[in-house]
Q: 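First the structure, then my questions, so here it is.
Everything numeric in this text was worked out from a predicted model, so none of it was measured.
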Amino acid sequence: MLRSVLSRAPSSAPLARCPTKSPRLHLHNLSRVQRKPSWQNLQAERSTTAALPFVDFSEPGPSTLPPTSTPVSLHSFRSYGLVSAGSPLRSRRRSTCSLHPSLSHARAFHSTPRNQLSPLPFLGALLKSSTALEFARMTARVGLTFVPLLLLGNMKSKKVLQRVDKWGHPDAEKKKEDMLRRIKQRTILFHILIFIPLILYWATIMASLERTPLTGRWRVILLSPEEEEDIAAQLAGPGWYRAVGEILSADGAPTIIPPSDWRLVWVRDTLRRLESVIPTLQHEDELCPHWADCGPDDFPLPPPAEYPLRPRPRGAEHLRRWAELTCARVAPPAPHAIAGPPYSLLLVDRPDSSNAFSYGFGPDGGGGIVVFSGFLDEVLSRHPHPRPDPPPQSFLSRLFGLAPLPPARPVPTEQQTAELATLLAHELAHLVLSHHIETLSTGSIVWPSVLSIVTDAIRAFIFPVTMLFGPFINDALAGMWKAGAGEFSQLQEFCTSQKQEIEADVVSIRLLAHAGFDPREAVRFWEDRNLNAQTAECSPQRAEAVVEQETSSAATIARRIMGETHPVHELRVEKLKSELERWEHKREEARRAREQHA
């Protein structure tokens, strides 16, 4: 039988000794062999080839293929030695290695492993922007447009069902089934139109949540990295001075103290001393391991913060990291650092203003501090220091009538510098924590969008009333809501500013401690500093408004909402004292833990 089968094989079909054709071409030719998936042919073919011996095609000599007229299967290729007995059907290309030794160098095929990555970073990068909130607002408006139609349709269908039950109908059952089906479809569509905007809105808010560094407070900053970079680019360099100049010019042209003035030099040196410890806030556990060794005569050092100062989370970086991981690559670290130092500084000659304020965001001087000369005069007068005597006039000066030398400038004491550092550290904390970006996001984007969505929802649900009584109801509703929105905006602004002021106080004593100042002096400084139009931490034209806001009804309501009954000034002093007490408790716990391990 073997001789009869081999005699039917064509002699012009060598496979292993063809030097001009590649093995891949022969595999292609093999795949073109006619297949007849008939059960009878398969059984006949198996019975024919069962007794055939193994033919070694690796030896030189004439090699043959199964005849094309015979149905070919994987069993027949195994019988002729083309495929090994243990080879699966799917490893068709792997079987070429047994055809000829020259095929052993063929590279085995392998697929790239699938990366099971979560799409949450991608969605978070898309949702963390003001555009996403505007899209949710637009979706809500489109959906609420159809809500009245759905409600009216359901009301009409229910009336039809009542008439059918009362008066009957030739096809009552069919009519009821049709009405119930329509009511169900409208109800499902109603829920979709209501819940999709809500889901988009809350997804945008959740994607914009982040922890405030050093304090751990949750906050919402709904600005994309591109929007933040645009703001920082506008304020970088001379842009900050132009923006601050516009703020100060609202109350008249300001008088700027030149850089050669000793007061500006004093303020700048103190500010740079505080700026130099900002990197310490990123690695307090490594740079200040001796914080628990402070004695009663030493300045207390803070324990390492649970949430150290880190670059703020950026949605674009999560998206880039997600894209790199899909390609099995490791994403490089974030190129940007903490935006800030060195900060801009401006000293304004205004004796009737004993305050300072911070403004801006971003690197290259995009954020800075404005100090008024009235505060410096107050600090210098509170702790008077005798001026040094002017240098004596020489004989030649008196002979030729030259003007006497100007008196020497006063040298500030350590206590005066500590009071100046307390105010500067407070304003510096606002910049380090990016409070101005938070205020911009909350006051200009988040709450206006919320008020707009609520207004649209109320108008949609009272649509039947406004349809009957005309646009007068809409106009009255708009006027009432506009009046209420002003009070709500004041309430929100007061709550946000109170949290930020307390937070800046807590971070400022941490800056003072690392810079070599006594943080306990900050408590005495704020106890002696009452809130009035001269000491309000804002521009002079807003000082009166800030003082009025402190005593307004909105401030009282805000304190009740937050569970506080004391004024902000007293509350800030209490928070500072409790923070220093927390430092002491942490220090004692660390000492006890170290003694137990020893």
Q: Quick test of your reading of the model: are R594 and D293 salt-bridged, counting only N-O distances below 4.0 Å?
A: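 Salt bridge between R594 and D293, a charged N being under 4.0 Å from a carboxylate O: yes.
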
Q: Could E574 and K577 be called an ion pair, given the rule that one side-chain N must be under 4.0 Å from one carboxylate O?
A: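 Looking at E574 and K577, the cut-off is not met.
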
Q: Should the pair R587 and W291 be classed as cation-pi, given the thresholds of under 6.0 Å to the six-membered ring centre and 45° from the axis?
A: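 Cation-pi check for R587 and W291: fails.
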
Q: Between R382 and E378, is the closest basic N to carboxylate O distance under 4.0 Å?
A: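 Result for this pair is yes, salt bridge flagged.
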
Q: With side chain to side chain donor-acceptor pair (under 3.5 Å) as the criterion, how do T439 and Q500 come out once you've worked through the C-alpha distance, each side chain's angles and the decisive distance to 0.1 Å?
A: CA-CA 9 Å; T439 303; Q500 292 179 353; 3.2 Å; yes

Q: Compare all side-chain heavy atoms of R529 with those of S354 and state whether any distance is below 4.5 angstrom.
A: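 Heavy-atom side-chain distance check passes, below 4.5 Å.
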
Q: Enter the distance from E438:CD to L223:CG here, rounded to the nearest 0.5 Å.
A: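 If we round to the nearest 0.5 Å, E438:CD and L223:CG are 11.0 Å apart.
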
Q: Would you check if T280 and C288 make a side-chain contact, meaning some heavy-atom pair closer than 4.5 Å?
A: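 Result yes, sub-4.5 Å side-chain heavy-atom pair found.
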
Q: Check this for me: does any side-chain nitrogen of one of R211 and E306 sit under 4.0 Å from a carboxylate oxygen of the other?
A: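 Judged by the 4.0 Å cut-off on N to carboxylate O distance, R211 and E306 do not form a salt bridge.
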
Q: With a 4.5 Å cut-off on side-chain heavy atoms, are Y359 and S344 touching?
A: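 Of all side-chain heavy-atom pairs linking Y359 with S344, none is under 4.5 Å.
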
Q: Once the angle between the rings of H430 and H426 is folded into 0 to 90°, is it parallel (under 30°), tilted (30 to 60°) or perpendicular (over 60°)?
A: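 If you compare the ring of H430 with that of H426, the planes turn out perpendicular.
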
Q: State, yes or no, whether a side-chain contact exists between Y307 and R217 at a heavy-atom distance under 4.5 Å.
A: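 Side chain of Y307 against side chain of R217, heavy atoms only: no contact under 4.5 Å found.
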
Q: Can E527 and R524 be said to form a salt bridge (Lys or Arg N to Asp or Glu O under 4.0 Å), step by step?
A: CA-CA 5 Å; E527 284 178 341; R524 290 186 283 270; over 6 Å; no

Q: Between R592 and E595, is there a side-chain N and carboxylate O pair less than 4.0 Å apart?
A: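 Result for this pair is no, no salt bridge flagged.
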
Q: Answer yes or no: is there an ion pair linking E210 with R310, defined by an N-O contact shorter than 4.0 Å?
A: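 A salt bridge is absent here (no side-chain N lies under 4.0 Å from a carboxylate O).
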
Q: Which residue in the set H435, K575, R219, Q498 passes side chain to side chain donor-acceptor pair (under 3.5 Å) when paired with E503?
A: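 Testing each of H435, K575, R219, Q498 against E503, the sole residue satisfying side chain to side chain donor-acceptor pair (under 3.5 Å) is H435.
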
Q: Quick test of your reading of the model: are R582 and E579 salt-bridged, counting only N-O distances below 4.0 Å?
A: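 Yes, charged N to carboxylate O under 4.0 Å.
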
Q: Tell me whether the guanidinium CZ or amine NZ of R520 lies under 6.0 angstrom from the six-membered ring centre of F299 and within 45° of its axis.
A: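 Not satisfied by the 6.0 Å and 45° rule.
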
Q: For L346, which of L248, V371, I369 qualifies under side chain to side chain contact (heavy atoms under 4.5 Å, CB included)?
A: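 So, applying the side chain to side chain contact (heavy atoms under 4.5 Å, CB included) to L346 and each of L248, V371, I369, only L248 qualifies.
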
